[in-house]
Amino acid sequence: MTKKIAVFPGSFDPFTNGHLDTVLRASRLFDEVVVAAMTNTSKRALFSSDEKLALIEASTADIANVKAVAAPRRLTVEFARSIGARFIIRGIRNVADFGYEADIATVNHDLDQEIETVFLLADKQYDALSSTIIKEVAAFGGDIHRFVPAPVEKALYAKLGESHQAK
């Protein structure tokens, strides 16, 4: 029987509890889940690729069948094919996400019909979370502890400076 490998790609800047929930749920469906920290050319990253990788690893350390990688700058389907993955995991928070992700899934399927995209609906408690919103809240000293894993919270406040840490 072929091992079911899934890739969960994203910019993960930063990795959120919503991302972690998606990874945990995917880990129950697949033999191996590869969290791929990728480059989003339309975003300016706060964390370096190495920092993102370390934060994902720290946040997922207790999930045995999950590993994190800094993916090379290439198409997601090419990366998935290179590691033997036949599935791409995408989290869906709302209708806007679905439209955007459905378009990407269609193009990915056109590029490689052997790789399927699997959508996982966000848990209600995470459906308003985005990395952009979390960075904004943290930048103004808001409390983000319930939105991100502890290693990410610490790194985010360190990156923004002590003056931004929630009181």
Side-chain angles (χ1 to χ4, degrees), residues 1-135 147-149 151-152:
M1 187 165 164
T2 305
K3 189 174 180 180
K4 290 187 288 185
I5 302 170
V7 173
F8 180 39
S11 54
F12 304 120
D13 191 47
F15 190 73
T16 70
N17 283 341
H19 295 133
L20 182 58
D21 182 63
T22 299
V23 169
L24 182 60
R25 291 166 56 210
S27 75
R28 296 179 191 134
L29 299 172
F30 299 96
D31 298 316
E32 183 178 332
V33 176
V34 178
V35 182
M38 303 189 81
T39 301
N40 184 333
T41 58
S42 66
K43 294 182 180 179
R44 185 168 173 259
L46 179 63
F47 291 101
S48 72
S49 182
D50 288 342
E51 289 170 322
K52 287 190 269 186
L53 182 59
L55 291 171
I56 295 165
E57 287 173 339
S59 300
T60 61
D62 61 341
I63 311 171
N65 62 334
V66 171
K67 70 178 181 180
V69 299
R73 192 176 167 130
R74 65 201 290 191
L75 292 172
T76 303
V77 291
E78 290 176 356
F79 174 72
R81 192 179 316 121
S82 76
I83 64 166
R86 298 215 25 237
F87 304 93
I88 296 172
I89 302 298
R90 299 303 298 157
I92 303 291
R93 295 173 297 177
N94 52 43
V95 173
D97 271 2
F98 178 77
Y100 175 75
E101 295 293 346
D103 289 346
I104 293 173
T106 298
V107 171
N108 283 340
H109 188 71
D110 286 345
L111 293 170
D112 190 326
Q113 288 79 33
E114 297 298 315
I115 297 175
E116 291 292 338
T117 299
V118 176
F119 296 131
L120 295 177
L121 297 177
D123 186 290
K124 185 103 176 107
Q125 67 180 322
Y126 304 122
D127 66 3
L129 279 188
S130 75
S131 294
T132 301
I133 290 171
I134 289 168
K135 285 186 283 194
F147 303 138
V148 294
V152 174

Inset, instruction - Take V7 and I83, measure what side chain to side chain contact (heavy atoms under 4.5 Å, CB included) needs, and give me the verdict at the end. - result: CA-CA 9 Å; V7 173; I83 64 166; 3.6 Å; yes
Q: Give the intermediate values and the outcome of side chain to side chain contact (heavy atoms under 4.5 Å, CB included) for residues I115 and N108.
A: CA-CA 8 Å; I115 297 175; N108 283 340; over 6 Å; no
Go through the steps to decide whether R90 and V118 satisfy the test side chain to side chain contact (heavy atoms under 4.5 Å, CB included), and finish with yes or no.
CA-CA 6 Å; R90 299 303 298 157; V118 176; over 6 Å; no
Note to self: Let's go through I63 and L20 carefully: what are the C-alpha distance in whole Å and the side-chain angles of both, what is the deciding distance for side chain to side chain contact (heavy atoms under 4.5 Å, CB included) to 0.1 Å, and is it a yes or a no?
What the structure shows: CA-CA 10 Å; I63 311 171; L20 182 58; 4.2 Å; yes
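Here the CZ atom belonging to R28 is positioned 10.5 Å from the CG atom belonging to N65, to the nearest 0.5 angstrom. Atoms CD1 and CG, from I134 and L46 in turn, are 12.0 Å apart once rounded to the nearest 0.5 Å. Here K52 contributes atom NZ and S49 contributes atom OG; the two are 6.0 Å apart, rounded to the nearest 0.5 Å. Rounding to the nearest 0.5 Å places CG of L111 at 11.5 Å from CD1 of I104. Annotation: the span from I88 atom CD1 to F119 atom CZ amounts to 10.0 Å, rounded to 0.5 Å. Here the straight-line distance linking atom CG of D97 with atom OG of S130 works out to 9.5 Å at 0.5 Å rounding.
With sequence neighbours excluded, no residue satisfies side-chain hydrogen bond (donor to acceptor under 3.5 Å, both in side chains) with D123. Partners of R25 according to the side-chain hydrogen bond (donor to acceptor under 3.5 Å, both in side chains) rule, which considers only residues two or more places apart in sequence or in another chain, are D21. Listed by chain and residue number, K3, K67 satisfy the salt bridge (Lys or Arg N to Asp or Glu O under 4.0 Å) test with E32 (two or more places apart in sequence, or in another chain). Not a single ring pair (Phe, Tyr, Trp, His ring centres under 6.0 Å) links Y100 to another residue, sequence neighbours left out. A search for side-chain hydrogen bond (donor to acceptor under 3.5 Å, both in side chains) contacts involving T22 returns nothing, not counting sequence neighbours. Applying the ring pair (Phe, Tyr, Trp, His ring centres under 6.0 Å) rule to F147 yields no partners; only residues at least two apart in sequence or on another chain are considered. The side-chain hydrogen bond (donor to acceptor under 3.5 Å, both in side chains) search around R86 returns none, not counting sequence neighbours.
The nearest pair of heavy atoms linking A128 to I133 is O-CD1, 3.6 Å. When every heavy atom of L129 is checked against every heavy atom of G18, the shortest pair comes out as CD1-N, 3.9 Å. A70 approaches L53 most closely through the heavy-atom pair N-CD1, 3.8 Å. Residues P149 and S59 share a closest heavy-atom pair of CB-OG, 3.3 Å.
The residue from V152, T60, D13 that alone fulfils the side-chain contact (heavy atoms from CB on, under 4.5 Å) condition with L55 is V152.
Sorted by first and then second residue, the pairs that involve residues 20-42 and meet ring-ring contact (aromatic ring centres under 6.0 Å, His included), not counting sequence neighbours, are F30-F87. Pairs passing the side-chain hydrogen bond (donor to acceptor under 3.5 Å, both in side chains) check and including a residue from residues 69-80, sequence neighbours excluded, do not occur. Residue pairs meeting the ring-ring contact (aromatic ring centres under 6.0 Å, His included) criterion with at least one partner in residues 46-73, sequence neighbours excluded, do not occur; the list is empty. Applying the ring-ring contact (aromatic ring centres under 6.0 Å, His included) rule to pairs touching residues 4-26 yields F8-F12, F12-F15, F12-H19, F15-H19, sequence neighbours excluded. Here side-chain hydrogen bond (donor to acceptor under 3.5 Å, both in side chains) pairs that include residues 109-119, with residues two or more places apart or in two chains, are R81-D112.
Side-chain atoms of D31 come within 3.5 Å of backbone atoms of K4 as a donor-acceptor pair (strictly under, hydrogens ignored). Between the side chain of S27 and the main chain of L24, a donor-acceptor pair closer than 3.5 Å is present.
Side-chain contact between F79 and P9: absent, with no pair of heavy atoms (C-beta onward) separated by less than 4.5 Å. In this structure, the side chains of K135 and P14 come closer than 4.5 Å at one or more pairs of heavy atoms.
Atom CZ of F98 has 12 or fewer neighbouring heavy atoms from other residues, nucleotides or ligands inside a 6.0 Å radius.
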